[in-house]
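As structure tokens, the structure follows; a few thoughts come after it.
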Amino acid sequence: MTYSFLLIGAGSIGQRHARNLVQLGETLGGVFNPSPEKARQISQASGAEAFTSIEKAFEKAGNYDAALICSPNHLHMQHVKLCLSHDLDFFLEKPAFMSSAGAGPVLKAAAKRRLKTLVGCNMRFNAGFIEFERIVRSGRLGSIVQLLAHNSSYLPEWRPGTDYLKNYAAKKATGGGILLDGIHEIDYVRALAGRVSGVSCLCGTCGGLGIETEDTADVVLMHAGGARSAVHLDYLSRLPARWVKAIGTEGAAAYDFISGKAVVRTGLVAAQEQDLHEDRNRMYVREMEHFIRVLDGKEKSACPLADGLSDVQIADAAKKSSARSGLMVKV
Ligand SMILES: NC(=O)c1ccc[n+]([C@@H]2O[C@H](COP(=O)([O-])OP(=O)(O)OC[C@H]3O[C@@H](n4cnc5c(N)ncnc54)[C@H](O)[C@@H]3O)[C@@H](O)[C@H]2O)c1
């Protein structure tokens with residue numbers, strides 16, 4: 001069975017998902033973007049009906065099987081509510097919301113309507129991460145004591161040729177800040193080590209980029225099962241780095257998202273290395289393939305709205321903790 005999608009927000013990630021879905025043989029039935037040229041571009045490439053009014057796009061909600069919400073962060077709540085009122089399943093880009101305030105009733109309504117939802121957690125569909133997760137879950141490392149995750153980049157180099165100060169990341173009103181941008185790391189440590197019961201964090205705007213939002217965050221998460229995670233996030237490093245490491249009672253494993261190198265060592269034998277580098281788009285294709293199987297009813301969503309909201313609650317708690325000089329905040 002193939003599906004027809006309504007794309008909301010035809011920016012960089014929306015265009016990517018639209019391209020990937022069409023290549024997977026799905027139909028892009030409609031595209032909404034307030035600036036007409038972007039909607040038109042996608043419409044010309046895919047045959048989708050272009051809308052510059054969200055109301056007009058939702059008048060035809062019955063024509064679509066699901067929505068792809070790829071709008072700026074501060075609009076996610078509004079677009080999720082529209083999907084709820086039209087009983088439309090949805091994929092929602094990360095972070096689910098800018099904060100968890102007011103999200104409880106939205107989550108209840110989605111559950112009541114039994115909507116199929118997936119929040120963008122694309123790092124979990126990276127080939128190397130899939131292997132890392134397989135090793136962690138296999139028990140080869142014994143009990144997991146600690147997860148370390150590191151995501152460091154330089155905001156001015158994110159989008160060459162554009163002014164980073166105009167990027168949503170730089171402004172509070174559009175839901176910027178490294179805690180929400182780097183929510184992938186919070187998401188996958190929660191998925192791997194389980195529910196988070198407490199959060200301690202120091203974050204701030206310290207790097208002279210002239211942005212309103214926090215540019216660095218060091219977060220410690222206490223998992224209810226006893227493991228601990230340490231997550232470092234920043235927009236400031238001219239030496240980009242993105243990696244994850246698991247320390248267990250019987251071994252350790254690490255994966256470097258940039259080089260694609262995975263390493264595992266158990267006992268006292270030499271570490272085993274694998275090269276799992278792949279084209280970056282592959283993980284986004286896998287993410288959409290997964291969403292299609294969720295719509296088919298063949299797979300459980302890897303990150304339903306409830307989990308996406310848990311990640312945002314952790315980010316909220318991290319900000320609260322930092323405002324109290326790193327005091328542990330219960331989640
Ligand atoms: N998972 C990932 O790898 C990833 C990567 C980038 C962005 N994102 C997320 O995707 C979302 C979009 O980011 P982006 O990088 O594509 O941003 P972008 O700035 O490239 O695109 C945003 C688009 O939304 C449009 N827009 C503005 N107002 C709108 C409205 N009222 N309704 C609908 N669309 C509107 C803009 O015109 C633009 O086309 C953000 O939530 C971001 O956090 C995720």
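Atoms within each ligand, like the ligands themselves, are counted from 1 in listed order.
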inquiry  = Students often mix this up, so state it plainly: with edges at 30° and 60°, are the rings of Phe125 and His290 parallel, tilted or perpendicular?
reply    = tilted
key: atom 11 (C) of ligand 1 [closest protein heavy-atom partner, distance rounded to 0.1 Å]   = Ser71 O, 3.4 Å
inquiry  = Does the residue Arg159 have a heavy-atom contact with ligand 1, meaning some pair of atoms that are separated by less than 4.0 Å?
reply    = yes
task = Number the atoms of ligand 1 from 1 as they appear, then name those within less than 4.0 Å of a heavy atom of Asn122, with their elements.
result = 1 (N), 2 (C), 3 (O)
remark   = heavy-atom search around atom 28 (N) of ligand 1 in the protein gives Pro34 CG, 3.5 Å
query = Any donor-acceptor pair under 3.5 Å linking the side chain of Ser322 with the backbone of Lys319?
reply = no
key: Identity and distance of the protein heavy atom lying nearest atom 41 (O) of ligand 1   = Asn73 OD1, 2.5 Å
key: Pair Thr174-His74, side chain to side chain donor-acceptor pair (under 3.5 Å): steps then yes or no   = CA-CA 5 Å; Thr174 46; His74 64 294; 5.2 Å; no
key: Distance from atom 21 (O) of ligand 1 to nearest protein heavy atom, with residue and atom   = Gly11 CA, 3.1 Å
task = May I ask you to identify, for His79, whether its side chain, its backbone, both or neither come under 4.0 Å of ligand 1 on a heavy-atom basis?
result = side chain
Residues Arg190 and Asp311 bridged, charged N to O under 4.0 Å = yes
ask   = Which word best sums up how the rings of His17 and Phe91 line up, parallel for under 30°, tilted for 30 to 60°, or perpendicular for over 60°?
value = perpendicular
request  = Would you sort out whether Asp234 and Tyr154 count as a side chain to side chain donor-acceptor pair (under 3.5 Å), showing the intermediate values?
outcome  = CA-CA 8 Å; Asp234 78 77; Tyr154 189 50; over 6 Å; no
query = Any sub-3.5 Å donor-acceptor pair from Thr205's side-chain atoms to Thr213's backbone N or O?
reply = yes
query = When you measure from atom 12 (C) of ligand 1 to every protein heavy atom, which one gives the shortest distance, and what is it?
reply = Cys70 O, 3.3 Å
task = Examine Asp181 against ligand 1 and note whether any of their N/O atoms are separated by less than 3.5 Å.
result = no
inquiry  = Geometry only, no angles: is Ile13 polar-contacting ligand 1 at N/O separations under 3.5 Å?
reply    = yes
query = Nearest protein heavy atom to atom 44 (C) of ligand 1, by residue and atom, and its distance?
reply = Glu93 OE1, 3.2 Å
request  = Run the numbers for me: atoms of ligand 1, each under 4.0 Å from some heavy atom of Tyr284, listed by number.
outcome  = 2 (C), 3 (O)
message = Please tell me whether Phe129 and Tyr255 form a close aromatic pair, meaning their ring centres lie under 6.0 Å apart.
response = no
inquiry  = So, regarding Arg280 and ligand 1 (criterion: nitrogen or oxygen to nitrogen or oxygen, under 3.5 Å), is there a contact or not?
reply    = no
ask   = Do Glu157 and Arg238 sit within salt-bridge range, that is, some charged N less than 4.0 Å from a carboxylate O?
value = no
ask   = Nearest to atom 30 (C) of ligand 1, what protein heavy atom do you find, and at what distance?
value = Leu75 CD1, 3.3 Å
ask   = Under 4.0 Å from ligand 1, counting heavy atoms only, is it the side chain of Ala10, its backbone, both or neither?
value = backbone
task = Just say parallel, tilted or perpendicular for the rings of Phe291 and Phe5, cut-offs at 30° and 60°.
result = tilted
key: Nearest protein heavy atom with distance in Å, relative to atom 24 (O) of ligand 1   = Pro72 CD, 3.4 Å
